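Below, chain A is the first sequence line, B the second, and so on; all start at residue 1. None of these values were measured; they are calculated from a predicted model.
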2 protein chains.
Amino acid sequence: MGGGRITIEDVAAAAGVSRQTVTRAMNGMPEISRRTRELVLRTAAELGYRPSRFASNLAARRKTRSIGLVLGSLRNPYYTELAAELLDVVAPRGWHVLMASHEQGDGVELVAALSGQADAIVGYLPGDEAALVAAARGAPLVQMETPATVPGMHAVVLDFDSAIEALLDELRHRGARRFGLIEFAGPPASAGTGRYRPTHRRRAYERFAGPDSAAAVVVAEESIRGGADGLVRLRAAHPEVDTVLVFNDLMAMGAMQQAQLDGIAVPDDLRVVGVDGLSLGAVMTPPLSTLSIDRHALAAEAADIVGTLLDGAEPPPHPSIVRTVTPRPLWRRSA
Amino acid sequence: MGGGRITIEDVAAAAGVSRQTVTRAMNGMPEISRRTRELVLRTAAELGYRPSRFASNLAARRKTRSIGLVLGSLRNPYYTELAAELLDVVAPRGWHVLMASHEQGDGVELVAALSGQADAIVGYLPGDEAALVAAARGAPLVQMETPATVPGMHAVVLDFDSAIEALLDELRHRGARRFGLIEFAGPPASAGTGRYRPTHRRRAYERFAGPDSAAAVVVAEESIRGGADGLVRLRAAHPEVDTVLVFNDLMAMGAMQQAQLDGIAVPDDLRVVGVDGLSLGAVMTPPLSTLSIDRHALAAEAADIVGTLLDGAEPPPHPSIVRTVTPRPLWRRSA
DNA sequence: AGCGTCGCCGTGAACGTTCACGGACCTCGG
DNA sequence: CCGAGGTCCGTGAACGTTCACGGCGACGCT
């Protein structure tokens with residue numbers, strides 16, 4: 001007694017019964033009389049007894065898994081739709097999902113915080129891979145979009161090279177002459193450090209958009225406003241651009257709105273293409289064309305990797321597991 | 001050996017050291033030589049050892065709290081922005097957030113599933129309140145939007161009565177003559193049961209929109225398509241309606257898109273007002289007017305209730321805790 | 001009366017980890 | 001040569017719950 005937490009023994013003592021009887025009452029087990037159950041429940045409520053989920057899960061040898069999901073932002077529907085897909089995939093197996101976003105800390109911090117609560121961590125994990133693996137304390141890590149290079153880290157990569165090449169080809173067919181790119185500035189945690197690193201999307205763009213297009217790139221923050229702002233800067237520096245590829249749909253929506261404000265006709269004066277494939281893009285005027293990422297496939301592959309890692313044979317496969325998902329163009333009217 | 005899980009003792013035996021040394025190696029503690037640490041880490045990796053987070057948290061007497069969040073859908077930005085706010089509020093305190101949505105089961109199922117992993121459960125909890133409390137196994141429940149009526153359940157309610165009254169008044173000022181409502185059909189789990197229950201929003205609407213408006217209500221599902229579909233049905237049955245209130249912004253966006261498709265000018269021929277206050281509504285053409293719900297306040301109040309309940313005095317307050325948040329009109333151009 | 005059955009309840013022994021303590025060994029100064 | 005101090009490592013004892021088992025009345029049947 002005295003000390004800190006109020007345990008099952010305290011309740012048992014107060015109710016004049018044994019541990020096991022308290023357990024039976026709390027968990028709705030059959031071998032208990034209606035009378036004592038209510039007595040126990042009542043005194044438990046009075047004492048404010050709340051069973052320790054750690055002790056409970058440990059003793060019951062429960063197999064319930066929970067997986068941590070690290071996303072860029074919960075204010076970008078792309079990420080949350082991805083979360084929705086993951087939930088759909090894992091919920092039937094009885095797994096839980098813990099969320100975290102880059103807005104709460106850098107990758108290593110998030111992984112460290114999550115590692116105590118989750119059996120595996122998946123998602124967008126920025127930062128040094130070795131440090132991430134160390135912070136995970138043995139929990140499998142599944143990187144989304146970025147390839148994995150160290151043991152203990154696995155990945156579902158996105159094949160932007162082929163997707164963007166095809167996209168740009170088709171855009172040329174449709175009359176595009178000068179491309180521009182509104183690029184992502186990087187996660188907030190890296191903002192202060194001044195450490196911008198070109199994304200996979202940018203590298204693919206620069207490779208396939210033609211030699212003169214490589215310069216027509218502006219870096220903007222990941223938001224509607226960021227997209228709008230990016231378009232203003234891009235047009236100021238490169239008025240000749242007639243087709244702009246935007247890092248993601250959210251930013252593309254901001255760019256489209258800005259174009260409308262500035263009296264630029266989309267797609268006649270300016271073609272706009274986003275990346276992600278948000279269904280919300282379809283309600284814009286004009287509807288937003290986009291390079292659609294199959295979020296269901298992404299989530300399903302990640303969940304599958306986690307499954308094989310956690311429930312598989314005792315020695316986990318040493319080489320990293322890598323799956324690939326290829327984005328596909330979704331032509332609406334903005335391009 | 002043999003049995004099931006591979007424990008810390010297995011690693012200790014394989015590495016020829018003791019439990020404690022393995023712990024030290026895994027947790028990066030200082031009192032261990034570089035040599036043995038690497039040895040332990042290596043054999044741990046080879047054996048595929050993954051510490052039990054339950055045992056670990058129990059033994060370490062960790063206070064880490066995690067709270068379960070039940071939402072209607074992760075595909076509706078309203079809910080995910082609410083989640084984002086909650087994350088922002090609780091992450092600094094070191095709390096975690098587990099997500100679940102109505103798409104995965106009914107309220108009682110979700111609460112039961114979450115109760116093993118979370119210390120408290122907040123959000124949109126449909127279903128019988130007594131059953132919910134029982135399923136929570138002593139974990140505090142905080143209902144959002146709906147008032148709480150049984151002990152063990154608390155709430156942050158939304159004052160739609162005053163908000164909708166003020167909204168409708170202002171709309172009349174702006175020329176509205178005949179109101180219509182596109183109403184929410186209820187969570188998917190209740191869909192099969194045919195148990196539609198009027199929402200708080202509908203009741204407030206019927207009370208303040210005038211006697212003839214009470215009939216101009218259509219029930220639709222919670223999605224962009226549902227909103228579009230709802231508008232078609234509403235106009236077919238009530239062509240005289242010149243102002244439509246939509247259950248939420250997502251559905252309102254669908255309704256606006258449908259209006260555009262049908263050649264109805266917004267706001268000249270038809271005023272459209274949503275509920276939620278999504279920032280995405282601002283990128284529509286015309287920008288969507290809405291009854292904005294302060295998601296930050298909602299999340300902060302809920303977190304605060306959980307905090308006082310969990311960390312407060314041993315005997316929790318017997319009467320339910322109730323807080324109130326009042327939605328406010330956000331006038332953009334659609335009305 | 002004797003015996004099996006049923007309903008209800010209590011007692012050791014896990015579950016797998018960390019904490020507090022102590023001990024072995026080495027180094028170094030007096 | 002002895003003791004102080006440091007580095008590294010191992011051993012009981014928690015942590016709070018559930019599981020397996022057993023006990024003890026009451027009841028019904030032969």
Side-chain angles (χ1 to χ4, degrees), chain A residues 1-41 43-44 47-65 115-117 119 137-139 314, chain B residues 1-41 43-44 47-65 115-117 119 137-139 314:
Chain A
M1 68 175 67
R5 170 171 205 127
I6 149 169
T7 81
I8 197 174
E9 304 263 19
D10 299 332
V11 179
V17 296
S18 73
R19 278 191 322 240
Q20 183 65 9
T21 299
V22 177
T23 295
R24 285 194 260 255
M26 296 296 297
N27 299 359
M29 297 172 165
E31 303 163 303
I32 187 177
S33 74
R34 184 174 194 71
R35 175 180 233 74
T36 30
R37 158 167 302 144
E38 282 167 4
L39 167 68
V40 170
L41 254 34
T43 71
L47 263 52
Y49 168 61
R50 165 102 192 96
S52 154
R53 65 176 204 274
F54 297 128
S56 171
N57 286 317
L58 174 61
R61 263 153 249 154
R62 252 168 228 144
K63 273 291 202 172
T64 168
R65 299 215 167 284
S115 67
Q117 302 279 309
D119 302 288
R137 290 182 170 200
E314 312 213 346
Chain B
M1 67 174 66
R5 171 172 204 126
I6 148 170
T7 82
I8 197 174
E9 304 263 19
D10 299 332
V11 179
V17 297
S18 73
R19 274 189 327 237
Q20 183 65 9
T21 299
V22 177
T23 295
R24 285 193 260 256
M26 296 296 296
N27 299 359
M29 297 172 165
E31 305 162 300
I32 188 177
S33 74
R34 184 175 193 73
R35 174 181 235 71
T36 28
R37 158 167 301 144
E38 282 167 5
L39 166 67
V40 170
L41 254 34
T43 70
L47 262 52
Y49 168 61
R50 164 102 192 94
S52 154
R53 67 174 200 273
F54 297 128
S56 171
N57 286 318
L58 175 61
R61 263 153 246 148
R62 248 166 234 147
K63 273 289 201 173
T64 168
R65 298 215 167 286
S115 68
Q117 303 278 307
D119 301 288
R137 290 183 172 199
E314 311 214 347

Item checked: Distance in angstrom units between R137(A) CZ and dT18(C) P, rounded -> 7 Å
Next item on the list: If a protein heavy atom is under 4.0 Å from the base, mark B; if only from the sugar-phosphate, S; if neither, -; do that for nucleotides 10-16 of chain C going 5' to 3'.
Entry: BBBB-BB
Notebook entry, point to check: Roughly how many Å is it from CD in E9(A) to C1' in dT18(D), rounded to a whole number?
Noted result: 12 Å
Check: How far does CD of Q20(B) sit from CD1 of I32(B), to the nearest 0.5 angstrom?
Finding: 9.5 Å
Check: Which atom pair, heavy atoms only, marks the closest approach of S115(B) to R137(B)?
Finding: OG-CD, 4.0 Å
Check: Starting at the 5' end of DNA chain C, which residue's closest nucleotide do you reach first, E31(B) or V22(B)?
Finding: V22(B)
Margin query: Rounded to whole Å, please give me the gap between CZ in R62(B) and C1' in dC19(C).
Written below: 12 Å
Check: Any donor-acceptor pair under 3.5 Å linking the side chain of R50(A) with the backbone of I6(A)?
Finding: no
Item checked: Atom pair distance, as rounded to whole Å: CE in M29(B) and P in dA20(C) -> 10 Å
Note to self: Can you see if the side chain of T36(A) gets near the phosphate of dC9(C) - specifically, an N or O under 4.0 Å from OP1 or OP2?
What the structure shows: yes
Notebook entry, point to check: In whole angstroms, how far is the C1' atom of dC9(D) from the CZ atom of R35(B)?
Noted result: 15 Å
Check: Quick one: are N57(B) and Q117(A) in side-chain contact, heavy atoms under 4.5 Å?
Finding: yes
Notebook entry, point to check: Which atoms form the tightest heavy-atom contact between Y49(A) and V22(A), and what is the distance?
Noted result: CE2-CG1, 4.5 Å
Notebook entry, point to check: If you take all heavy atoms of V11(B) and T43(B), which pair is closest and at what distance?
Noted result: CG1-OG1, 3.8 Å
Check: Which heavy atom in R24(A) sits nearest to a heavy atom in E31(A), and how many Å separate them?
Finding: CD-O, 3.4 Å
Note to self: Tell me the interatomic distance from M26(B), atom CE, to dT17(C), atom P, rounded to whole angstroms.
What the structure shows: 9 Å
Checklist line | Criterion side-chain contact (heavy atoms from CB on, under 4.5 Å) against R37(B), the qualifying member of V40(B), L39(B), L41(B) | finding: L41(B)
Next item on the list: Would you mind reading off the bend of the helix from dA1(C)-dT30(D) to dG30(C)-dC1(D) from its two end axes, five pairs each, to 10 degrees?
Entry: 50°
Item checked: N/O (side chain, N27(A)) to phosphate O (OP1/OP2, dT18(D)) under 4.0 Å -> yes
Notebook entry, point to check: What are the two closest heavy atoms between R19(B) and A12(B), and how far apart are they?
Noted result: N-CB, 3.8 Å
